[in-house]
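For ligands, and for the atoms within them, numbers begin at 1 and follow the listed sequence.
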Amino acid sequence: MPDNVLVRFAPSPTGLLHAGNARTAVLNYLFAKKNGGRFMLRIDDTDAERSTAEYDEGIRADLQWLGIVHEVFARQSEREASHLNAADRLRAAGLLYPCYETPDELDRQRKRLQARGLPPIYDRAALKLTDEDRAKYEAAGRAPHWRFKLAQKKVAWDDLIRGHVEIDTHTVSDPVLQREDGRFLYTLPSVVDDVELDVTHIIRGEDHVTNTAAQIEIFEALGAPVPKFAHFALLVGAGGERLSKRLGSLSLQQMREDGIEPLAAVSYLAKIGTSDAVEPRTSLDALIAEFDFAKIGRAPARFDLVELTALNGKLLHLLPYEAVKTQLGAANADLGAPFWEAVKPNLTRIADAAEWKSVVTGPVTPVREDPEFLAKAAEILPAEIGSDTWSVWTKAVAAATGRKGKALFHPLRLALTGREHGPELAKLLPLIGRERAVARLNGETA
Ligand code: GLU
């Protein structure tokens, strides 16, 4: 691996980052860090109509939340001079040619081909235009769009995920690089920026495989070295459906609002679709150390919000108090580490701790099915409550009442917490404290 690895994550600021693009960012980041390289955030904002400053900021906020830091930053709209220059070079080399078909004409052409069972590949009619034809179009007010003239050859690369890939560019339409109004589509600016910013590895979804063949030809036409490519299978939903940017429920913003921890999201995105178990890691470093393209499968990775939420819970169970202290905030009040240790096995989200805090500090309306039994238990509750009180006390209650098992423990839980289930009472009791415990056992809301 070269020691100057530079990858780029190149979202278009036309929507919120969703699980699919976040996975692209995560895989690029883990690969770069595994190889001592750098990560570039490149905002692909050539589509001025659909790009917005809010989405641009949203992307940065989402990456920051994930813990993905970029060492290099670029914005395509600021690099237009380079794109124009490259287009001129391609034009001068006869590789960028003007076309005058209207969208309607192109559409009809595609339909005609499809009706005959042929692939809808552009017929290159514009290459046959004479100077006179072109002058006529221009005189009639038609401005050209510009297509890159593919070499119509086999383009091959050794994909770091898919292995040897070969695409015959005979089977691909010459891509439009520049529109009638002079603006660029994504294809050329991406190559130009990859060249000028020294990108070494392009890691992206397999929906770009055909682009890659055309882009490799463009790298070559510009006399630039071709980066290495890795194309991973796209993410699908829990039911196998395609994800789209518009699925707001899978946006990182939504995950954040739903209480998903960034490390849960990154762990999940790093592990789905790989041969590793889908388990949380408590640091990015652990994920970096385990990253390997060889583990990424060819089948689509499934993104399941239910699975992610469960993984969030598993992550919380692994986290020490210090890691969550700030976030716990009011949900923890001044109960400190003992509270976190008591409740974390019962959480899937940090915010759920608030419910257990209210169980500890009250007021709790006790559920009392057998007041006499509870009054007896209250009577023999030790004067000092510590970490071993629960086992000492319940043994004494068992001896005094002859109860055991569920008949012993369940009424105590219902009275002390007002709930059927919850964290271990051995840990909760010292937090509830003697005064509140006695009051609840005796039927008072406390
Ligand atoms: N802006 C492009 C996209 O969002 C980037 C694709 C690429 O990684 O080259 O699809």
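- Contact atoms of ligand 1 toward D44: 1 (N), 2 (C), 5 (C) (distance under 4.0 Å to a heavy atom of the residue).
- Checked for salt-bridge contact, K153 and E220 meet the test: a charged N lies under 4.0 Å from a carboxylate O.
- Remark: D292 does not engage K295 in a salt bridge, criterion side-chain N to carboxylate O under 4.0 Å.
- Some N or O of R8 is nearer than 3.5 Å to an N or O of ligand 1, by distance alone.
- Of all atoms in ligand 1, listed by their number and element, those nearer than 4.0 Å to a heavy atom of H208 are 6 (C), 10 (O).
- The ligand atoms of ligand 1 that sit less than 4.0 angstrom from a heavy atom of A10 are 1 (N), 2 (C), 3 (C), 4 (O), 5 (C).
- Listed by number with element, the atoms of ligand 1 under 4.0 Å from a non-hydrogen atom of R204 are 7 (C), 8 (O), 9 (O).
- Taking the ring axis of Y55 as reference, the NZ or CZ atom of R60 does not stay both within 45° of it and closer than 6.0 Å to the ring centre.
- The cationic atom of R147 (NZ for Lys, CZ for Arg) lies less than 6.0 Å from the six-membered ring centre of Y122 and within 45° of the ring axis.
- Contact between Q215 and ligand 1 is absent, with no heavy atom of the residue lying under 4.0 Å from the ligand.
- For the residue pair D193 and Q76, a side-chain donor N or O sits within less than 3.5 Å of a side-chain acceptor on the partner.
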For S82 and E196, run side-chain hydrogen bond (donor to acceptor under 3.5 Å, both in side chains): C-alpha distance rounded to whole Å, both residues' side-chain angles, the deciding distance at 0.1 Å, then the answer. CA-CA 9 Å; S82 292; E196 294 189 4; 2.8 Å; yes

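- Residue contact check: S12 has heavy atoms under 4.0 Å from atoms 1 (N), 4 (O) of ligand 1.
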